[in-house]
Amino acid sequence: MKTLCAVVILFVAGLVGVAVWFSPLCGLGAPTAYDNNTPVSSLDGICYPQGTLCRVDFSGDVGDMKNALDSILAVTVKEVESGELTIVYAYSPRVCADMQYLSSGEAYNVMAAHSSGNISIGTPMLSGCY
């Protein structure tokens, strides 16, 4: 009986660990689901449905944005700067979102933007204004 309880506890702990690992935006703020560039719901909890455009907004500078990307193990694929807007396309193994592809063929599953002290990070891409 003790062995069965130990196995069940380890199984549940493993499920929670997997959910936390593949829901990295929850560590950055309160994720919001978007549909057709419109926020549709708050994504409470640590899991969000695959195929959902998910986004987190917070304040900071470009360094804060890059630190947030580092915290989810995101590797920059491409960075674009235009005036006060910085956009980063990145890949994170912690994000279970559909891969997107730049016109040059590079794959990404995380998109981040910084403008005027505001940071937005989304998976697999940003939706809404930034």
Side-chain angles (χ1 to χ4, degrees):
M1 188 65 177
K2 288 182 184 181
T3 304
L4 179 60
C5 287
V7 168
V8 169
I9 290 170
L10 287 174
F11 180 74
V12 170
L15 286 177
V16 171
V18 168
V20 169
W21 179 259
F22 287 112
S23 299
L25 295 186
C26 293
L28 302 175
T32 302
Y34 278 75
D35 183 26
N36 200 20
N37 287 329
T38 303
V40 291
S41 67
S42 175
L43 295 170
D44 296 328
I46 57 173
C47 274
Y48 40 87
Q50 189 172 359
T52 300
L53 294 176
C54 181
R55 173 177 164 170
V56 173
D57 298 308
F58 55 98
S59 298
D61 59 20
V62 172
D64 294 325
M65 178 179 71
K66 291 184 178 183
N67 288 338
L69 290 171
D70 287 345
S71 76
I72 63 170
L73 306 177
V75 176
T76 299
V77 173
K78 183 176 182 178
E79 184 171 332
V80 178
E81 291 186 35
S82 177
E84 290 186 28
L85 177 64
T86 301
I87 299 174
V88 174
Y89 301 88
Y91 171 77
S92 172
R94 290 189 58 196
V95 173
C96 58
D98 294 336
M99 296 300 289
Q100 304 296 307
Y101 296 91
L102 298 171
S103 59
S104 54
E106 293 102 332
Y108 68 96
N109 63 355
V110 177
M111 189 174 168
H114 173 270
S115 179
S116 303
N118 297 310
I119 300 168
S120 297
I121 298 179
T123 64
M125 66 181 93
L126 279 173
S127 188
C129 297
Y130 50 86

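Position 1 is the first residue of the sequence, and the numbers go up from there.
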For this session: Quick one: closest heavy-atom pair of Ala90 and Tyr108, and the distance?
Result: O-CB, 3.2 Å

Exercise. Do Val110 and Pro124 come close enough that some side-chain heavy atom pair is under 4.5 Å?
Worked result: no

Problem set entry | Donor-acceptor contact present, side-chain Asn109 to main-chain Ser92, <3.5 Å | yes

Exercise. Is there side-chain contact between Tyr91 and Met99, with at least one heavy-atom pair below 4.5 Å?
Worked result: yes

Problem set entry | Interatomic distance, Asp64 atom CG to Ser71 atom OG [nearest 0.5 angstrom] | 11.0 Å

Exercise. Rounded to the nearest 0.5 Å, how far does CG of Asp98 lie from OG1 of Thr123?
Worked result: 10.0 Å

For this session: Give a yes or no on whether the backbone of Gly60 and the side-chain of His114 come within a donor-acceptor separation of less than 3.5 Å.
Result: yes

For this session: Please report the closest heavy-atom contact between Asp57 and Ser120, naming both atoms and the distance.
Result: OD1-OG, 2.6 Å

Seminar exercise, completed: Here the pair of heavy atoms bringing Glu84 nearest to Ser116 is OE1-OG, 3.1 Å

Exercise. How long is the gap from CD1 on Ile121 to CG on Leu69, to the nearest 0.5 Å?
Worked result: 4.5 Å

For this session: Among residues two or more places apart or on two chains, list those pairs meeting ring pair (Phe, Tyr, Trp, His ring centres under 6.0 Å) that have a residue in residues 61-80.
Result: none

For this session: Under the side chain to side chain donor-acceptor pair (under 3.5 Å) rule, collect the residues that match up with Ser104, sequence neighbours excluded.
Result: Glu106

Exercise. How many angstroms lie between atom CG of Leu85 and atom CG of Asn118, to the nearest 0.5 angstrom?
Worked result: 11.0 Å

Exercise. Got a second to check how far Leu126's CG is from Met111's CE, nearest 0.5 Å?
Worked result: 5.0 Å

Exercise. Quick one: side chain to side chain donor-acceptor pair (under 3.5 Å) partners of Ser103, sequence neighbours excluded?
Worked result: none

Exercise. Same hydrophobic cluster for Val75 and Val62, using side-chain heavy-atom links shorter than 4.5 Å among ILVMFWY?
Worked result: no

Seminar exercise, completed: NZ of Lys66 to CD of Glu79, rounded to nearest 0.5 Å, is 3.5 Å

